Every structure is written in structure tokens, then in C-alpha cells.
Number of protein chains: 2
Amino acid sequence: MAATESQNKAKLTRKEQIESIATALFKQRGFAATSMRDLASAVGIEAASIYAHVRSKEEILQSICFKMANEFFAELAEIESQSITYTQKLRQVITAHIKIITHNIAASTVFQQEWRHLSEPFLTDFLSLREKYEHRIRELIQQGIETGEFISSDTRFVTRTLLSSLNGITQWYKLDGELSPEAIAGNLADLFLNGLNTHKDDRPKYH
Amino acid sequence: MAATESQNKAKLTRKEQIESIATALFKQRGFAATSMRDLASAVGIEAASIYAHVRSKEEILQSICFKMANEFFAELAEIESQSITYTQKLRQVITAHIKIITHNIAASTVFQQEWRHLSEPFLTDFLSLREKYEHRIRELIQQGIETGEFISSDTRFVTRTLLSSLNGITQWYKLDGELSPEAIAGNLADLFLNGLNTHKDDRPKYH
DNA sequence: CCTACCGATCGGTAGG
DNA sequence: CCTACCGATCGGTAGG
């Protein structure tokens with residue numbers, strides 16, 4: 001009970017503050033190039049004091065990576081459970097993914113670029129989660145093809161391309177930019193669903 | 001003349017061999033997490049001996065990043081000079097970019113992910129080149145819109161999305177995989193030009 | 001290309 | 001949360 005109380009009060013525990021600042025630094029310089037002394041100095045304490053709140057440098061990375069993974073899965077499960085067309089599901093997946101990314105730009109960047117510094121068994125777990133997420137989106141596209149909503153395509157390729165486009169948003173999204181997360185989602189869904197061409201006679205016979 | 005001769009002979013100079021192995025290591029572990037001792041050991045010499053061929057660790061990174069940039073620009077200039085439709089130009093840009101990436105997977109990955117470890121003035125130069133490349137592709141899409149080939153869209157957004165999709169290929173392309181570079185290029189061009197949807201009545205009114 | 005070595009910095013611990 | 005400190009490792013140089 002006392003433990004629960006201490007978790008509930010206050011805005012940000014010191015541990016959360018450390019993780020938040022670490023996330024920004026890992027994004028800026030990369031995990032390997034960020035030292036615990038850099039982190040401590042940014043927090044305003046001594047390097048050794050960090051270890052009162054955190055077991056190791058890698059533990060911080062683990063926390064960032066798996067928290068982000070959980071966010072993506074929570075939204076995906078919600079969408080999968082709905083009774084709507086696959087076109088609508090795809091639009092919602094795009095919207096949800098972009099919402100998560102734009103609300104956690106630094107953590108998303110670390111999630112995307114720094115996971116390789118995880119040690120085992122975290123590395124294997126992480127890659128397995130990523131594979132599962134991709135697989136479930138691929139399933140969604142496959143089912144859209146079977147209902148006739150989407151054209152027949154290489155679903156593995158389409159899914160990877162979609163995820164690259166989604167994850168690439170971390171590299172250019174600006175809070176003060178001209179495009180809101182919702183506008184980005186709308187544009188991206190339009191592009192993937194309808195393409196750039198004004199007519200559809202361009203397609204060679206790959207399929 | 002003697003200098004020219006020594007450049008022309010042999011398969012790979014020691015310097016080229018060092019850069020090639022460094023590229024693979026930088027891709028695998030990242031620039032910051034790769035030590036000169038790792039590199040030396042992979043080459044089969046002592047760490048200090050590396051410095052007989054290379055001025056610093058960063059010089060290797062500079063070489064990788066700017067060589068890749070030059071490759072992209074050479075292909076782009078070639079395509080821009082042709083008299084073909086913008087649809088065809090876009091297809092060729094996609095094909096050329098993918099060709100370069102798939103032929104230099106490790107160097108492309110380093111180019112994309114490790115450039116932030118460049119020091120000034122290289123960092124600024126590099127970002128300026130990247131911006132120039134994006135700008136020229138954006139111009140190409142803008143012109144395609146003006147001729148009526150492409151639908152009116154946010155060209156900045158479309159260009160960034162295309163580049164994310166192209167660069168994401170380094171993350172999943174396998175030499176022994178099911179898709180050849182040409183097939184990937186065809187699929188990607190089809191997706192961006194025509195989209196996934198079997199009909200075009202899905203588009204909401206964002207534009 | 002090697003041996004020998006430099007000062008700096010790393011992640012982390014002991015003990016309070 | 002601090003002082004004091006550990007052994008390991010870092011990028012790089014001197015001198016041959």
C-alpha cells in the first residue's frame with residue numbers, strides 16, 4: 001500500500017526522469033556513444049548515483065524498446081477486433097502507428113535504431129516481437145486481398161514498405177511542422193491505397 | 001606514372017580492404033561500438049598498423065558516406081537528362097536507387113545510420129548533399145504533377161515517404177531472397193504509382 | 001607493419 | 001546521492 005502510494009504520487013519519479021533524459025540522449029548520439037557520465041550530467045547528479053535508480057545502461061535501453069513495442073501491440077489488437085473493412089483497418093493501423101510515433105519521437109527513434117545493442121535474451125525477444133507485429137499487419141493486407149479490396153500483391157514486400165514509410169516519419173516529423181499526425185496518416189493511407197498516378201494504365205505485368 | 005600504375009594493379013589495396021571490412025563492422029555493430037582493435041583484428045594486423053593506411057576512424061566513415069552520396073548523384077543526373085515522361089523518370093530513379101543499395105548493402109546501411117558521427121564540416125556537407133538529393137527528386141514529382149501525370153499531392157511528404165521506402169530496403173534485402181533488385185523496383189514503382197486499392201473511390205477529401 | 005606506450009574515458013562497485 | 005576508486009578499453013602516437 002505504501003509502495004502503491006509512492007508510485008501514484010508526484011509527476012515524474014527520478015527513475016522516470018533518468019529514462020526520459022536517456023531516451024533523448026540515445027536518440028541524439030546513439031546508445032553506444034552516450035556515456036553514463038553524459039547522462040548523469042544531463043540529469044544533474046554524479047555518474048555513480050544513476051545506479052541507485054537503474055541497474056545498468058542497457059536496462060534503460062530495454063525499458064525503452066519494450067515499452068514502445070507494447071504500445072504498438074495494444075493499438076493493433078484494438079483495431080483487429082473491430083468489424084470494419086480491411087481498407088478501414090489499414091487506415092486505422094496507419095493512424096495508430098503514426099500517433100504512437102509522433103507522441104514519442106525520441107523513444108521511437110531509439111526503438112528503431114538502437115535495439116541491436118540489446119544483449120540476449122532481450123535481443124531475440126525484441127526481434128520476435130517485431131516479426132510478430134509485421135506478421136499481423138501482413139495478415140491484414142492478405143485478408144484485404146482475399147476480399148477483393150486490395151489488388152493481388154507481394155504482401156511481404158508491401159508490409160515492409162509500409163513499415164519503412166511509417167518508421168521513417170521519426171526522421172522528419174517536427175512538432176511545429178506543417179503536417180499534423182492525422183494529416184500525415186491521411187496522406188500516407190491515400191498514397192498506399194490509391195497511388196500517385198492519375199490513370200491506372202501504367203502498370204507493367206509483374207504480377 | 002608510377003603512382004598511377006600502383007593504383008591500377010592488384011585487386012584490392014590494403015586501404016580498400018580495411019575500408020571494406022570496416023564497412024561491414026560499422027553496419028553490424030555501429031560506428032561508435034566498433035573499435036580500431038576490432039577492425040585491426042578482423043583485418044589480421046595490429047591496431048597501430050591501421051594508421052599506416054588511414055588517418056583516423058572517422059576518415060573511414062567519411063569515405064563510406066561520401067562515396068555513397070556520389071553514387072546516388074551520378075545515377076540521378078543521368079536520369080534527369082533523359083527525355084521521357086515523369087512516370088518513367090520516377091521508375092528509373094527507383095530502379096537506380098535500389099540498384100545502388102542492393103549492390104552496397106553494408107555501405108548503404110552505414111550511409112543511412114552512422115552519418116551523425118561525422119564531425120564538422122563533414123556533417124554539414126553530408127546533410128546538404130542529402131537535402132539536395134531529396135530536393136531533386138521532389139522537383140521531379142512536382143513536374144509530374146504539373147504535366148498531369150501525377151495527382152496533386154504534398155510533394156515534400158511523398159518524396160520523404162518514397163525515400164523511406166527505398167532506404168528501408170537495406171533492412172530486409174537478402175542476396176538469396178525471393179526478390180531481385182529489379183523485381184523490388186517494379187513492385188515499389190507500381191505501389192507508389194497505382195496503390196493497393198482495386199477501386200479509387202476510397203479517397204477522403206484531404207486535398 | 002610491429003612493439004611499446006600515452007592520457008582519457010568507459011561501465012560499474014564499495015562504502016557510506 | 002556522494003566520494004573514491006576499479007580494471008578494461010578507447011583512439012591514437014613514437015620510433016623503428
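Chain identifiers are assigned alphabetically (A, B, ...) following the order of the sequence lines, protein sequences preceding nucleic acid strands; residue numbering begins at 1 within each chain. Given the structure is predicted, the values throughout are model-derived calculations rather than measurements.
- Judged as a salt bridge (Lys or Arg N to Asp or Glu O under 4.0 Å), the pairs with a partner in residues 26-53 of chain B (not counting sequence neighbours) are, in order, B:R29-B:D38.
- No salt bridge links B:E16 with B:K11; every basic N to acidic carboxylate O contact stays at or beyond 4.0 Å.
- Taking the charged nitrogens against the carboxylate oxygens, A:D190 and A:R91 do have a contact shorter than 4.0 Å, which makes a salt bridge.
- Judged as a side-chain hydrogen bond (donor to acceptor under 3.5 Å, both in side chains), and not counting sequence neighbours, B:Q171 has no contacts.
- One interatomic measurement links the two molecules: CG of A:D38 to P of C:dA8, which rounds to 17 Å at whole-angstrom precision.
- Whole-Å rounding puts the B:Y51 OH to D:dG12 C1' distance at 5 Å.
- Residues from residues 15-36 of chain B that place a heavy atom under 4.0 Å from any atom of DNA chain D, listed by number: B:T34, B:S35, B:M36.
- Taking a pair as Watson-Crick or G-U wobble with both distances under 3.5 Å, DNA chain C forms stems of 3 or more consecutive pairs at C:1-16 with D:1-16.
- B:K99 and B:E75 are joined by a salt bridge, as a carboxylate oxygen and a charged side-chain nitrogen come within less than 4.0 angstrom of each other.
- Ring geometry for B:F73 versus B:Y133: interplanar angle over 60°, hence perpendicular rather than tilted (30 to 60°).
- With no hydrogens or angles considered, no side-chain donor-acceptor pair links A:Q17 and A:S20 at under 3.5 Å.
- A salt bridge is defined here as a Lys NZ or Arg NE, NH1 or NH2 lying under 4.0 Å from an Asp or Glu carboxylate O, and A:E80 with A:K89 fails to meet this definition.
- When rounded to the nearest whole Å, the span between CD of B:E46 and P of D:dG11 equals 15 Å.
- Note on A:R37: every side-chain N or O is 4.0 Å or more away from OP1 and OP2 of C:dG12.
- Looking only at atom types and distance, the side chain of A:Q88 has no donor-acceptor partner in the side chain of A:Q92 under 3.5 Å away.
- B:F111 and B:F66 have their aromatic ring centers separated by at least 6.0 angstrom.
- Within residues 53-62 of chain B, the residues having any heavy atom closer than 4.0 Å to DNA chain D are, in order of number, B:S56, B:K57.
- The residues A:R138 and A:E134 are annotated as salt-bridged, a charged nitrogen and a carboxylate oxygen being separated by less than 4.0 angstrom.
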Report each atom pair, protein N/O against N/O of nucleotides 14-16 of chain D, whose distance is under 3.5 angstrom.
none

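- For the pair A:I45 CD1 and D:dC1 P, the computed distance is 5 Å after rounding to whole Å.
- B:D125 has no carboxylate O lying under 4.0 Å from a charged side-chain N of B:R130, or vice versa, which leaves the two without a salt bridge.
- Note that A:K57 lies in the cation-pi zone of A:F31, set by a 6.0 Å cut-off to the ring centre and a 45° limit from the axis.
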